[in-house]
There are 2 protein chains.
Amino acid sequence: MTLSDVANRAGVSVATASKALNGRAEVAPATRERVLRAAAELCFQPNVLASGLISGRTRTVGLLTDELGGRFSIPILLGAENALGNGQMSVLLCDARGDAIRRQHYIRTLLARQVDGFIVVGDSNDVSPSLTRDIPVPVVYAYAESADPRDLSIVADDEGGARLAAEYLVLHGRRRIGHITGPESYRAARDRAAGLRAVLAEAGLLPAGDPLFGEWSQRWGRHAARLLVAACPDIDAIFCGNDQVAAGVADALRDLGRRIPDDVAIVGYDNWEDFAADCRPPLTTVDLNLEQLGATAGNHLLAALDGNANSGVIRQHGRLVIRESTGPALPR
Amino acid sequence: MTLSDVANRAGVSVATASKALNGRAEVAPATRERVLRAAAELCFQPNVLASGLISGRTRTVGLLTDELGGRFSIPILLGAENALGNGQMSVLLCDARGDAIRRQHYIRTLLARQVDGFIVVGDSNDVSPSLTRDIPVPVVYAYAESADPRDLSIVADDEGGARLAAEYLVLHGRRRIGHITGPESYRAARDRAAGLRAVLAEAGLLPAGDPLFGEWSQRWGRHAARLLVAACPDIDAIFCGNDQVAAGVADALRDLGRRIPDDVAIVGYDNWEDFAADCRPPLTTVDLNLEQLGATAGNHLLAALDGNANSGVIRQHGRLVIRESTGPALPR
DNA sequence: GTGTCGTACGAAAACGGTTTCGGCAAGATG
DNA sequence: CATCTTGCCGAAACCGTTTTCGTACGACAC
C-alpha cells in the first residue's frame, strides 16, 4: 500500500506517481489518469502523516477542554468539529479536567504531534491566562476569554441573552419581575443579572427585589422561589439564571398555588432540553447557540491557519426559545 | 529542532541520540543523560508523527461515536481517553451523528491518518454491523454490541443492574413492585425489565402489573405513575427505567399524596446526577459505570495493539447508588 | 535535414527519524 | 600475556514521500 506499489502498477516512477496524486502540473493527463486508477485499485492512502509532516501540515487541530463532563463543552465541540471537518481537519481531543498540570502535559503532547492549531474550550467563568506565548501555532479560545487581548476569544453573550428574555417579559405585560440565579462568583450570573437590570431600567420598571444569587440547582430554585414570593407577593414573572433553577422555581410555585404562566411567567436560561422541554409547563428559555459558537471558533481557526488571524472578543448571540411558561401577553 | 541538532549539541551521533531518547538499552547512562539534557535545552519534540509513522505506530486511535450529544457517549469517551492517555495514545474524535455515510467517511479519514485502532461507541440499543472486515486495525465496540462475535464488545450489564435495584427493594421489605420504563424497542428497557422480573420470581413475588413501556421522559413518568397507582393502589415500590422517568414518577406521587419513601420507594437508573441528586427526594439509582466501561474499552484496545486481542462480549457491571428515595427497610 | 524549444518523465537527493551491524575499548577469563 | 566477552557507540541503510534537476523525446521553424 505504498506509493511505490502504485507507481509500479501504473508503470511509472514514484516521483511521477507523487506528482500525479498531488495534482502537480508536469504530468501528462493520460499518465495522471493511469496513476489515479492504480491508486484507487490498490486503495492507496496518501499517508497523510508522512507527507503532511514533512511538508508542514498535519491537518489536525488540538481541542483542549477542562470539563468535558459538563454540558457546555459538548455542543461547542460538535460545532467546532463540524466546521473543521468541512475544512478536512481532524480533531485531537484532550480533557484537562481543570488541572493545570494535565493541561500543560496535553499541550506538549499535542505540539509534539504537530497539531496545526488549538481550540481551547474553557470555563466561561474565569478569564483564562493566554497560552499563546508558548504555542507556535494559532489558538482560538471558545466559551472562555483569554486574558491577552491579542488572542481571539469567542464567548457567549450573556448580557444580550438576558436582554432578550427580559424584553420579551416586559413586552408581554409583566411588570414585577424577579431574578433567581446561580452563584454571584459566576460571570455568567452577573452578566445575566446586568442584562435584566438594564432592560428594566430602560422600561422604567423596578426589579422585584435584588437578584437572588445561590447555586445552579433545582433545590435552590425551589427555596429562592418561596423567599421571593414571600417578599414580593405581587410578582408576575421570574427570570431564572438557568433551566435547573427555573425547574425548581416552577415546582415551588405550583406548590404555592401560583399558576404558570397565568399568575407568574418563568424564563430559564441554557435551553437544556431535558429540563426545559419536560418541565411543567415547558420553559421559555434562552438558547446559548453553543454549537454555533463552536463552529465560529472552528472557522476562525481555519482562517488563522490561512494567515487571516483575528483577535479580540466575539460575542455569540443567544436566541429566545418560546414555550408555555411565559404564555400569551397579559391583558392590560 | 531536529534530532541532528540534539545529537550535535550532545556530541553524539543521531543514532545514539535516537536510542537515548527512546529509552533503548544500549546507551550508557551518562550519555543518555547528556542527550536528554540537550533535548530539553533545545525543546526538542520527538516528532511522534514521523517516528511513529515509519515504524508503523502513530499512537493515535480513532473514536467514532454516533451521538456525542447524548449523555452516554461522554463518560465513555472520558474513560477511554484516560485509559489511552496512560498508554501515551491520543484520541481523534469523530461524531457520525447517526449517519452511515458520515461514518464511512470518517472511517476512511481516520484510516488515512493511520490510526492504530478504533473505538466505536454505539447506541446501546442496536447490534451494530461489524466494521472489522474493512478495517486493518483493531476495533473495540463500546456500549453497543458488534454483530460479529469475533469482535470485542463492551456493553452495560442492564439486566444485572436491574437485579441490583430489585434485590435492594426486596431486601428492604418491598412487596408490591411496579416498573415504569422507556420504549420497549430499547434493548436496555427490555433487559432491565427482565432483571426485575427474574428477581421477583426468585423471591416468590408477583410484579405489580406488567411493565409500563413508554418513553424516557418525566412526562411519561408522571402519566404512568398515575396509571400504576390507580391499577395497584397497594403498590409500595416503583423501579423506573431511568432517572428522568423516576423524577416524573416522584413528582406525580407527591401530587397523589403518597410519601416517598415511606409509602412508595423509587429507584431510578443511570445516576444522572442532575436529575437524581436534585430530585425530591434524591433518587436511589443504578450507575452504569460508563467511565469504567470506556476505560475497559481503552485498555482492551491497548492490549489488542500489543497483539493480545480478545473477542466476545464483556458486560460492565453497574452499581447501586443509594439515596433517600428508598429509605430504610420497612418494618415487617 | 537540422536546430530549438517545451513537455513529460525518472534518477537521485532530501527529509527526519529508526534500526542494523560492525568496531572499538574495557574488563573478564584462561 | 593472549583471548574472549561485554557494553557502548557511530556509520550506513532504510522508511515513504516530496522535490530538484537532468534528460529524452516530440513538435515545430528554418
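We name chains A, B, ... by the order of the sequence lines, and we start the count at 1 in each one.
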Sub-4.5 Å side-chain heavy-atom contact between B:V12 and B:R34:
yes
If you check every side-chain atom of B:A15, which of C:dT18, D:dT19, C:dT19 has the closest atom?
C:dT19
Starting from P on C:dC9, measure out to CZ on A:R32 and report it in whole angstrom.
10 Å
Count the heavy atoms of every other residue, nucleotide or ligand shown that sit under 6.0 Å from CZ of A:R97, and state whether that count exceeds 12.
yes
B:L21 has an atom CG; how far is it from atom C1' of C:dG16, in whole Å?
13 Å
Identify whether the distance between the nearest side-chain nitrogen and carboxylate oxygen of B:D274 and A:R71 falls below 4.0 Å.
no
Per nearest nucleotide of DNA chain C, the residue lying toward the 5' end, B:V14 or A:P29, is A:P29
Just so I know, are the side chains of B:T65 and B:I119 near enough to count as touching, which here means a heavy-atom distance under 4.5 Å?
no
What's the closest nucleotide to the side chain of A:T31 if the choices are C:dG10, C:dA8, D:dC9?
C:dA8
B:S18 side-chain N/O to C:dG17 phosphate OP1/OP2 under 4.0 Å
no
Among C:dG10, D:dT18, D:dG10, the one nearest any side-chain atom of A:L3 is D:dT18
Taken to the nearest whole Å, NZ/A:K19 to C1'/D:dT17 is 13 Å
Select one nucleotide: of D:dG10, C:dC9, D:dC9, the one nearest the side-chain heavy atoms of B:A28.
D:dC9
Looking at C:dG10, I'd like to know if its phosphate oxygens (OP1 or OP2) sit under 4.0 Å from a side-chain N or O belonging to A:S13.
yes
In whole angstrom, what separates A:E26's CD from D:dG22's P?
14 Å
What is the separation between atom CG on B:N22 and atom C1' on C:dG16, rounded to the nearest whole Å?
13 Å
In whole angstroms, how far is the P atom of C:dT20 from the CZ atom of B:R24?
7 Å
